[in-house]
Asker: 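Mind having a look at this structure? Questions to follow.
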Amino acid sequence: MAAATSNAKSFTGSPHTDQALAGFGAGMVSTALLHPLDLIKIRFQVDSARYSEKRPVIGGTIRSFKAIVKDEGVWRGLYRGVTPNMAGATISWGFYFGWYSLIKKYMRKDNEGKLSAVQHLTASAEAGALTALMANPLWVVKTRMCTTTYNTPDAYNGLLDGLKRLYMEEGIRGLYRGIVPALFGVSHGAIQFMVYEEMKKKRNEIRHKKGLTSTEELNAQLSQTEYLLMASTSKVAATVVTYPYQVLKSRLQNRATRDTYTGVIDCGKKLVQAEGYVGFYKGLAPNIFRVLPGTCITFLVYENLTQYFKAHAS
């Protein structure tokens, strides 16, 4: 990859820091609003029972929502695990966008200064792998808090308590439980960003015919609706293709079943034997309900913060 030089103005002094801050803000807002759906999704993912007439596939999200509010309350129930989720999402989105921007800077561009779909895929995958390694301990604590209630015996009391006990009881291995499927999950972000960037590029090519030339001018002309459509389409495509890795990761990170599986392959085999292939898609409905508005919020906040930083750059 050839290094590129840039004299682009920046709000913070570094365009990559601008991207990271936009990512931090986006992750914080979407997580704060949509954590309850994340919690319900995880509880479905670690549930090893088969679906049946007594456990129908449809309607489980609403029933779970009502049951959690009734039995555990709103804050202690629906928002259990929100602190590690907020920390993980904020750090993940922030570092992801920062790494993604930095990696793209050093990629060789074509004659028009553009990257190919494969380059977008590669940059996203590299940024995702680095981010997964940094944030995994936070996701383990989040999973364990979301799969227990506040009065479950020996449950984690919070983020710091969880990290401390996780390390003291299980060491480095505990902090990185589920890291293999998490790295598989890099493909999720890679597919999502490739689709998103390609949709933006195609849309900008159409707008280019109207006389706009620079990338900044073209992106500034995209409407909020267009950002929403591109973000939601790219997220759904990536989710449907890669969802099974999330189920495997949650089960490997779940404290109650940490000794049930010896690894990813063993977990996958036992899941199929006990629940069938449909088990790989447990929690998909609340996940879709969560990721669609979550992605729209994230990308809207990200794109608007990016435009704000550009407008106020020095």
Asker: Is the number of heavy atoms from other residues, nucleotides or ligands within 6.0 Å of OH (Tyr150) greater than 12?
Answerer: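 Yes, the 6.0 Å shell around OH holds more than 12 heavy atoms from other groups.
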Asker: Give a yes or no on whether a salt bridge exists between Glu275 and Arg251, defined as a side-chain N under 4.0 angstrom from a carboxylate O.
Answerer: yes
Asker: Strictly distance-based, threshold 3.5 Å: is any side-chain N or O of Thr143 a donor or acceptor partner for the main-chain N or O of Trp139?
Answerer: yes
Asker: Answer yes or no: is there a donor N or O on one side and an acceptor on the other, between the side chain of Thr147 and the main chain of Arg144, under 3.5 Å?
Answerer: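 Looks like yes, one N/O pair under 3.5 Å.
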Asker: Does the Lys142 side chain pair with the main chain of Gly88, one donor and one acceptor, at a distance under 3.5 Å?
Answerer: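 No.
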Asker: I'd like to know if Asp266 and Lys269 make a salt bridge, using a cut-off of under 4.0 Å between side-chain N and carboxylate O.
Answerer: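 Salt bridge: no.
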Asker: Taking only Lys NZ, Arg NE, NH1 and NH2, and the carboxylate oxygens of Asp or Glu, determine whether Glu72 and Arg80 approach each other closer than 4.0 Å.
Answerer: no
Asker: Given Glu197, which of Arg203, Lys104, Lys202 fulfils the salt bridge (Lys or Arg N to Asp or Glu O under 4.0 Å) condition?
Answerer: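 In the set Arg203, Lys104, Lys202, the residue that makes a salt bridge (Lys or Arg N to Asp or Glu O under 4.0 Å) with Glu197 is Lys104.
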Asker: Would you say Lys270's side chain and Thr260's backbone share a donor-acceptor pair under 3.5 angstrom?
Answerer: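 Yes, Lys270 side chain to Thr260 backbone: donor-acceptor pair under 3.5 Å.
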Asker: Quick check: does any side chain N or O of Arg177 sit under 3.5 Å from a backbone N or O of Asn254, one acting as donor and the other as acceptor?
Answerer: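 Such a contact is absent between Arg177 side chain and Asn254 backbone.
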Asker: Do any N or O atoms from the side chain of Lys109 and from the backbone of Met107 form a donor-acceptor pair under 3.5 angstrom?
Answerer: yes
Asker: Under a 3.5 Å distance rule, please check whether Thr233 uses its side chain to pair with a backbone N or O of Met230 as donor and acceptor.
Answerer: no
Asker: Any donor and acceptor pair, going by atom type alone, linking the side chain of Ser250 with main-chain N or O of Gln246 inside 3.5 Å?
Answerer: yes
Asker: Would you find more than 12 non-hydrogen atoms of other residues, nucleotides or ligands less than 6.0 Å from Tyr243 atom OH?
Answerer: yes
Asker: What is the minimum heavy-atom distance between His188 and Thr242, and which atoms define it?
Answerer: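 So the minimum-distance heavy-atom pair works out to ND1-OG1, 2.8 Å.
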Asker: Return yes if some donor-acceptor pair links the side-chain N/O of Arg165 with the main-chain N/O of Leu160 below 3.5 Å, else return no.
Answerer: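 No; zero donor-acceptor contacts below 3.5 Å.
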